[in-house]
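Notes follow the structure.
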Amino acid sequence: MAGFPIPVSILDDDAGARRSMQLLLQGRGFQVRSFASPEALIADAKTNNPACLVTDYRMAECDGLEVLHRLRAAGWTGRAILVTAFYSPELLQRAMAHGFDAVLDKPCKDSALMHAVMGATMRDAGGEQASP
């Protein structure tokens with residue numbers, strides 16, 4: 001995996017937040033695909049198999065917990081990070097129980113998002129960071 005861009009998918013119905021996260025991650029060398037709807041993301045994940053998902057918690061169509069559940073049911077095994085403007089200890093506990101690797105406050109600090117994505121993708125690389 002080293003030497004190849006790490007694929008990351010972003011799901012957020014807020015165009016500004018989605019674009020900001022996309023530009024940050026692309027600027028650090030990740031291969032980023034971003035989506036405004038869960039259906040488009042789920043269809044894409046079946047063919048492109050991202051290493052990591054960054055998803056908003058509260059969206060018009062469904063929430064990030066449901067999105068991860070649907071991806072897992074479709075066989076996706078990548079890492080996942082939840083971003084939310086509605087952070088609470090209860091949400092953190094629910095997200096971790098659903099299989100998220102991290103929960104970040106929204107809007108995300110650049111350093112927090114980079115740390116979470118790099119940490120999640122590093123775990124999949126067997127502890128060795130692939131060069132994003």
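When a residue number appears, it is its place in the shown sequence, counting from 1.
Distance OG1/Thr84 to CG/Leu104: 10.0 Å, rounded to 0.5 Å. With values rounded to the nearest 0.5 angstrom, Gln31 atom CD is found 9.0 Å from Ser9 atom OG.
Evaluation of the salt bridge (Lys or Arg N to Asp or Glu O under 4.0 Å) rule for Glu61 yields no partner, not counting sequence neighbours. Taking Ser88 as the reference, Glu90 meet the side-chain hydrogen bond (donor to acceptor under 3.5 Å, both in side chains) condition, with sequence neighbours excluded. In terms of the salt bridge (Lys or Arg N to Asp or Glu O under 4.0 Å) criterion, residue partners of Asp44 (sequence neighbours excluded) are, by chain and number, Arg33. Every residue was checked against the side-chain hydrogen bond (donor to acceptor under 3.5 Å, both in side chains) condition with Asp63, not counting sequence neighbours, and none meets it. Applying the salt bridge (Lys or Arg N to Asp or Glu O under 4.0 Å) rule to Arg58 yields no partners; only residues at least two apart in sequence or on another chain are considered.
Residues Asn49 and Pro7 fail the side-chain proximity criterion, which asks for heavy atoms closer than 4.5 Å. At a threshold of 4.5 Å between non-hydrogen side-chain atoms, the residues Gln26 and Met21 do not count as touching.
The one candidate from Leu113, Thr55, Leu25, Val83 that meets the side-chain contact (heavy atoms from CB on, under 4.5 Å) condition with Ile10 is Leu25.
Sequence neighbours left out, the pairs with a member in residues 96-110 that pass side-chain hydrogen bond (donor to acceptor under 3.5 Å, both in side chains) are Asp12-Lys106, Asp56-Lys106, Arg79-Asp101, Asp101-Arg123. Listed by first and then second residue, the side-chain hydrogen bond (donor to acceptor under 3.5 Å, both in side chains) pairs that reach into residues 16-25 are Gln22-Ser34, sequence neighbours excluded.
Atom CD of Gln93 has 12 or fewer neighbouring heavy atoms from other residues, nucleotides or ligands inside a 6.0 Å radius.
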Requested in this report: Mind running side chain to side chain contact (heavy atoms under 4.5 Å, CB included) on Phe30 and Thr121 for me, showing each step along the way?
Outcome: CA-CA 10 Å; Phe30 289 94; Thr121 56; 4.2 Å; yes
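Minimum heavy-atom separation, Arg72 to Gly99: NH2-O, 4.0 Å. Nearest heavy atom pair, residue Pro5 against residue Gly29, reads CB-O, 3.6 Å.
A donor-acceptor distance shorter than 3.5 angstrom exists from the side chain of Asp13 to the backbone of Ala60, with no hydrogens or angles considered. Using modelled atom types, one side-chain atom of Asp14 and one backbone atom of Gly16 make a donor-acceptor pair closer than 3.5 Å.
Through chains of ILVMFWY side-chain contacts below 4.5 Å, Tyr57 is grouped with Leu11, Phe35, Leu41, Ile42, Leu53, Met59, Leu65, Val67, Leu68, Leu71, Trp76, Leu82, Tyr87, Leu91, Leu92, Met96, Phe100, Val103.
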